[in-house]
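One structure is given below, encoded as structure tokens.
Below, chains carry the letters A, B, ... as their sequence lines are ordered, and counting in each starts from 1.
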Protein chains: 2
Amino acid sequence: MLPEEKDTINQLTKAPIESLNLHSITVVTNLYRAAQGLRNKMEREVLAKHGLSWTSFSILYDLWIWDSVETKKLALSAGVSKATISNITNTLERKELCYRKVDNRDRRITCVVLTDKGRKVMEELYPKFHEGEVEVVSSLSIEEQKVISSLLRRVIRENDF
Amino acid sequence: MLPEEKDTINQLTKAPIESLNLHSITVVTNLYRAAQGLRNKMEREVLAKHGLSWTSFSILYDLWIWDSVETKKLALSAGVSKATISNITNTLERKELCYRKVDNRDRRITCVVLTDKGRKVMEELYPKFHEGEVEVVSSLSIEEQKVISSLLRRVIRENDF
DNA sequence: TCATAATCGTTAGCATTGAAATGATATTAA
DNA sequence: TTAATATCATTTCAATGCTAACGATTATGA
């Protein structure tokens, strides 16, 4: 559903107009569409060269910043399940971009650690990714960027996202 | 990467601070996090009962509004590839929520049509989905909802998302 | 102590996703 | 007309993603 097409719901839905909160619909539709477009653009223009998905990249990013991260924290950070982290870690390990390391104090916990190769990939990829970030929001002024970040953060905080 | 943690990049990255546009990073991070949280919430609280993913639901929604839609338009609307539409249509067909119909004028084109059962599912599901939409943005005032929609729409338009 | 519960990562099974290859149909050009 | 090209949808294959089940480990409490 293209955003502008969504307006036609009033004419076509049996539900009375007054029972629909049109502003909520618009926010949600535009929010998801922008995020989806962002992800597609980054995967296509930046990440495809190294065969990385958005989630794979976000995990590598965490490892780049923190060197070693528990799988549970990776899942929380990326907003995916632990099972997904397990699968993606397998793929990244196969590419020799990271490796697993069992915690000595609590052997239930597994940490994921960045390899030198993984660090090199991030040092090459991150600047390009950042270029993409800048480009995507370049139509907004700094002030508008602050406003939208603040509003998004409110949504995130109030929903425990 | 949690939003608040992203701030630490300045201390940890080798790149000079002045070469990073921190506002862009914040917008992109919060945008994707909010959208991911939104999707997870809806799939968990509303769509799981009928075994539908976000994309499946958005396709059903298009069909609900338009009755019959070409697969190409469905892909454009949902922001996924035609292959994905083909697979999801298979699943929805298996559930008898829609069926394919080859175009008579151009037999390369396939339209997807909503069944009565599909319409009933949407009539049951959409009100609950809409409740979720309202809930997610309820921490923002109407005026703030208008602002964020407007800014998101600018991003969408400028990037051809 | 030692049985029970809680926590953690992985696995199994299934649906989703995209790139690339394929097949079917339509259009174009010679 | 007919061969080449273009445009569709589908299939194939590998990766992503979730839930539920599982096994291993640690914590708790009688």
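- Two residues, A:Glu43 and A:Thr71, neighbour DNA chain C, and the one matched to the more 5' nucleotide by heavy-atom proximity is A:Thr71.
- Side-chain nitrogen and oxygen atoms of A:Ser53 include none within less than 4.0 Å of the OP1 or OP2 phosphate oxygen of D:dA15.
- The pair B:Glu124-B:Lys120 does not meet the salt-bridge criterion, since no charged nitrogen lies less than 4.0 angstrom from a carboxylate oxygen.
- Heavy atoms only, all atoms of each residue included: B:Thr55 and B:Ala78 are closest at CG2-CB, 4.2 Å.
- Going from atom CG of A:Leu114 over to atom CD1 of A:Ile59 covers 12.0 Å, rounded to the nearest 0.5 Å.
- With rounding to whole Å, A:Ile59 atom CD1 is found 8 Å from D:dG17 atom P.
- Protein atom CZ of A:Arg44 is 13 Å distant from nucleotide atom C1' of C:dA19, rounded to whole Å.
- OP1 or OP2 of D:dT10 has at least one side-chain nitrogen or oxygen of B:Ser86 nearer than 4.0 Å.
- Residues of residues 91-118 of chain B that place a heavy atom closer than 4.0 Å to DNA chain D, in numerical order, are B:Arg100, B:Arg108, B:Thr110.
- Using the six-membered ring where Trp is involved, A:Phe57 and A:Tyr61 have ring planes that are tilted, between 30° and 60° apart.
- In this structure, NZ of B:Lys49 is placed 15 Å from P of D:dT19, rounded to the nearest angstrom.
- Here the nucleotide nearest the side chain of B:Lys82, chosen from C:dT10, D:dT16, D:dC8, is D:dC8.
- As judged by a 4.0 angstrom heavy-atom cut-off over every strand, B:Ile88 is placed among residues touching the sugar-phosphate backbone only.
- Under 4.0 Å is where a charged nitrogen must lie from a carboxylate oxygen, and between A:Arg119 and A:Asp67 at least one such pair does.
- Five base pairs at each end of the helix from C:dT1-D:dA30 to C:dA30-D:dT1 define two local axes, and these are offset by 10° (rounded to 10°).
- The distance from atom CZ of B:Phe57 to atom C1' of C:dA15 is 18 Å, rounded to the nearest whole Å.
- Among all heavy-atom pairs drawn from B:Asp62 and B:Val69, the shortest one is O-CG2, 4.1 Å.
- Screening B:Arg107, B:Lys101, B:Arg105 against B:Asp103 for a salt bridge (Lys or Arg N to Asp or Glu O under 4.0 Å) leaves a single residue, B:Arg105.
- Rounded to whole Å, atom P of D:dC8 lies 14 Å from atom CG of B:Leu74.
- With rounding to whole Å, B:Leu47 atom CG is found 13 Å from D:dC18 atom C1'.
- In terms of phosphate contacts, A:Thr84 brings no side-chain nitrogen or oxygen within less than 4.0 Å of OP1 or OP2 of D:dT16.
- Counting heavy atoms from C-beta outward, B:Val147 and A:Leu151 have side chains that approach closer than 4.5 Å.
- Using a 4.0 Å cut-off between charged nitrogen and carboxylate oxygen, B:Arg154 and A:Glu144 count as a salt-bridge pair.
- Whole-Å rounding puts the B:Asn40 CG to D:dG17 P distance at 10 Å.
- Applying the 4.0 Å criterion to OP1 and OP2 of C:dT16, one finds that B:Ser56 has a side-chain N or O inside that range.
- Between B:Lys72 and the phosphate of D:dC8, there is a side-chain N or O to OP1/OP2 separation shorter than 4.0 Å.
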- [ ] Take A:Lys95 and A:Lys117, measure what side-chain contact (heavy atoms from CB on, under 4.5 Å) needs, and give me the verdict at the end.
- [x] CA-CA 9 Å; A:Lys95 293 182 178 178; A:Lys117 187 175 172 186; 5.6 Å; no
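- Atom CZ of A:Arg39 is separated from atom C1' of C:dG18 by 11 Å (rounded to the nearest Å).
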